[in-house]
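We count residues from 1, following the sequence as given.
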Amino acid sequence: LNAMMAELKIDPSYAQRYLNVGFSGGEIKRSEMLQLTAQAPDLVMLDEPESGVDLESINMIGSKVRDLIENNGRRTSAFVITHTGQIMDFIDVNKGYIMIDGRIRSEGDPREVLDSIKAHGYGVDDE
C-alpha cells in the first residue's frame, strides 16, 4: 500500500484519515486510483477521471488509468466517461459513443467523434 501511495504522491498519513474527507479534487482522484490499483479489477468504470484536477494530476491519473488497463500485459476492460477527451491522450481507446438524454446517438472512432463535436457541436435532431 505504501508503494502504491508513493507512486500516486499520496501522503502516507492520509491512510489514517476518513476516506476523501478534506481532500482536494486531485487528492480524491488519486485516492480513487489507489483503491482501483489495490483491487486489480477486470473491469474499470470511470466517470470523468480527468475532471476537477490540475494538469499535474491529469498526467498522473491518465498514466495510472493506462497502467490499470494494461495491467502488466493482461488487458483490463474499461468504460470511461469523458466530457473533454483528455483521457484519450493516455489510453488506447477503440470505441466511442455519444449519449444524449439517456440514448446513444452516435458511435465510432473516439477521436473522430470528439473532433466532430469540437467542429460542429452535437448536431442531434430530436426524432
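- Connection of Leu46 to Ile81 is not established within any shared hydrophobic cluster, with ILVMFWY side chains joined at heavy-atom distances below 4.5 Å, either directly or through further cluster members.
- Distance alone, capped at 3.5 Å, is enough to place a donor-acceptor pair between the Arg111 side chain and the Met88 backbone.
- Gln39 CD to Leu68 CG: the interatomic distance, rounded to the nearest 0.5 Å, is 10.0 Å.
- We find the NZ-CG distance between Lys64 and Asn59 to be 14.5 Å, quoted to the nearest 0.5 Å.
- Once rounded to the nearest 0.5 Å, the distance linking CD1 of Ile87 with CD1 of Ile61 reads 8.0 Å.
- Taking CZ from Phe23 and CD from Glu32, the interatomic distance works out to 10.5 Å, rounded to the nearest 0.5 Å.
- Checked against salt bridge (charged side-chain N to carboxylate O under 4.0 Å, His left out), Glu56 has the following partners two or more places apart in sequence or in another chain: Lys9.
- Shown here are the ring pair (Phe, Tyr, Trp, His ring centres under 6.0 Å) partners of Phe90, two or more places apart in sequence or in another chain: there are none.
- Checked by atom type and distance alone, the side chain of Arg66 never pairs as donor or acceptor with a backbone atom of Glu70 at under 3.5 Å.
- Remark: side-chain polar atoms of Gln35 are paired, donor with acceptor, to backbone N or O of Ser31 under 3.5 angstrom.
- Taking CD1 of Ile91 as the start and OG of Ser63 as the end, the distance is 11.5 Å to the nearest 0.5 Å.
- Both Leu55 and Val53 sit in one connected hydrophobic cluster of ILVMFWY residues. Membership requires side-chain heavy atoms under 4.5 Å apart, directly or through other members.
- A chain of hydrophobic side-chain contacts below 4.5 Å, direct or via other Ile, Leu, Val, Met, Phe, Trp or Tyr residues, connects Ile28 to Leu1.
- The main-chain N or O of Met33 is found under 3.5 Å from a side-chain atom of Thr37 such that the two form a donor-acceptor pair.
- With Glu7 contributing its side chain and Met4 its backbone, the two residues share no donor-acceptor pair below 3.5 Å.
- Of the inter-residue distances, the one linking Leu8 atom CG with Met60 atom CE reads 6.5 Å to the nearest 0.5 angstrom.
- Looking at residues two or more places apart in sequence or on another chain, you find a side chain to side chain donor-acceptor pair (under 3.5 Å) between Thr82 and Glu50.
- Looking only at atom types and distance, the side chain of Thr76 has no donor-acceptor partner in the side chain of Asp42 under 3.5 Å away.
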